[in-house]
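Along the sequence shown, residues are numbered consecutively beginning with 1.
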Amino acid sequence: MNRLKQGLSFLLVTLSVAIFTLLSWVLESGELSMSALEPSLQRSSESASVQRVAQQSAPPQVRVQDAWKLVYEKLPDFPTENNYISKETGKVDPTNTLVGRLIRYHVFVKGRPPNYRFDWKLSLADYLGATPDYLVESVYPGKDVLRSNPMEQDRAAIQSLNRAQRDALVQALVDVFTESSGGGRTPAGEKPQGRSNSPEIPQPQPGDAKLLAP
């Protein structure tokens, strides 16, 4: 009988030790797991913070429809040519400007990127008649919303500019779009390298020298 009691006591002690050891192992494993997760959680938190800071510090993207306002801020004396009557309201639409139509022609009609000097010079060459891509009345910006098509008057306005005025216009346009995208200013006369997803640029044609005329 005594042996039986001793055996049961020994068994109880053994079970107690085993349970205590198991609980200790479980607790230690949990602590190790949490310790392993802490660096990962910290890195995720830091990454999220960096992304938030980058988003807050990134310059806002300018809309094509609003870019003309920024150009006129840089060139307050540039011709506005905004005295055309709207088909919808029957009143003069002061927001339909020469620069606004030039931007829409460049981006939407010709599909040219707005942040390179070379492409803006091509668009001005269209107005000057120095490229095969002459302006077309049926697709010219303003044709559908204004009572009279402003194409000929816009062409005359661009042709009346001297070389310095054209250069200032090109630089203002480039600055507006590159500053909004966070890119650097494109040096004068430099053709960007490694461009992708942009239309094929036509080769220089006879008459391009008009662009350099004073």
Side-chain angles (χ1 to χ4, degrees), residues 61-75 77-163 165-178 180-181 186 191-192 195-213:
Q61 295 292 321
V62 66
R63 297 195 312 164
V64 171
Q65 293 84 348
D66 298 330
W68 64 270
K69 300 176 185 177
L70 302 177
V71 174
Y72 279 112
E73 288 179 5
K74 295 177 178 293
L75 303 174
D77 297 328
F78 194 82
T80 54
E81 299 293 330
N82 60 345
N83 56 344
Y84 293 93
I85 298 176
S86 167
K87 289 182 179 179
E88 181 179 358
T89 65
K91 299 178 180 180
V92 172
D93 182 5
T95 65
N96 202 309
T97 63
L98 170 60
V99 171
R101 293 188 292 271
L102 170 61
I103 292 173
R104 293 197 298 276
Y105 170 80
H106 180 89
V107 175
F108 298 130
V109 177
K110 303 307 296 183
R112 291 168 179 156
N115 51 341
Y116 297 116
R117 289 176 56 88
F118 181 76
D119 293 290
W120 283 110
K121 287 187 175 183
L122 284 177
S123 290
L124 290 184
D126 295 346
Y127 282 82
L128 297 174
T131 69
D133 295 326
Y134 295 108
L135 305 182
V136 179
E137 287 190 358
S138 60
V139 295
Y140 190 76
K143 178 256 181 185
D144 294 329
V145 296
L146 301 175
R147 286 186 177 178
S148 58
N149 194 320
M151 189 190 78
E152 290 301 329
Q153 285 74 16
D154 287 357
R155 188 205 303 271
I158 295 296
Q159 290 179 350
S160 69
L161 301 175
N162 58 38
R163 179 181 177 183
Q165 290 172 318
R166 293 197 300 270
D167 286 344
L169 173 60
V170 168
Q171 191 61 59
L173 289 162
V174 171
D175 287 346
V176 164
F177 284 100
T178 54
S180 69
S181 62
T186 304
K191 182 178 178 181
R195 286 167 42 194
S196 61
N197 299 326
S198 59
E200 183 178 352
I201 303 301
Q203 296 299 316
Q205 301 290 331
D208 284 1
K210 281 187 175 182
L211 285 171
L212 303 177

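Taking each heavy atom of T97 and P94 in turn, the nearest pair found is CG2-O, 3.6 Å. Residues Y84 and P150 approach most closely at CZ-CB, 3.5 Å, considering heavy atoms. Taking every heavy atom of both residues into account, Q165 and S160 meet most closely at OE1-O, 4.2 Å. For the residue pair M151 and V136, the shortest heavy atom distance occurs at SD-C, 3.7 Å. Shown here for T80 and R101, the closest heavy-atom pair between the two residues is O-NH2, 4.5 Å. Among all heavy-atom pairs drawn from K143 and K87, the shortest one is O-NZ, 3.4 Å.
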Notebook entry, point to check: When you look at R166 and L128, which way does the side chain to side chain contact (heavy atoms under 4.5 Å, CB included) test go after all the steps?
Noted result: CA-CA 11 Å; R166 293 197 300 270; L128 297 174; 4.1 Å; yes
Notebook entry, point to check: Given L173 and L102, is the side chain to side chain contact (heavy atoms under 4.5 Å, CB included) satisfied, shown in steps?
Noted result: CA-CA 10 Å; L173 289 162; L102 170 61; 4.1 Å; yes
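Atoms CD and CG, from E81 and N96 in turn, are 11.5 Å apart once rounded to the nearest 0.5 Å. Here CH2 of W120 is found 10.0 Å from CG of N115. Values are rounded to the nearest 0.5 Å. Here the CH2-CZ distance, from W68 to R63, works out to 12.0 Å after rounding to the nearest 0.5 Å. Residue N149 holds its CG atom at 10.0 Å from CG of L135, rounded to the nearest 0.5 Å. Between T95 atom OG1 and D66 atom CG the span is 10.0 Å, to the nearest 0.5 Å. Of the inter-residue distances, the one linking R117 atom CZ with D175 atom CG reads 9.0 Å to the nearest 0.5 angstrom.
Between the H106 side chain and the P113 main chain, a donor and an acceptor come within less than 3.5 Å of each other. Side chain of D119 to main chain of R112: no donor-acceptor pair is present (N/O by atom type, distance under 3.5 Å, no hydrogens or angles).
With L169 as the fixed residue, the side chain to side chain contact (heavy atoms under 4.5 Å, CB included) test singles out one of L75, L98, V174: L75.
Side chain to side chain, Y105 and D154 fail the donor-acceptor criterion of an N or O pair below 3.5 Å. A donor-acceptor contact under 3.5 angstrom links the side chains of D126 and T131, judged on distance only.
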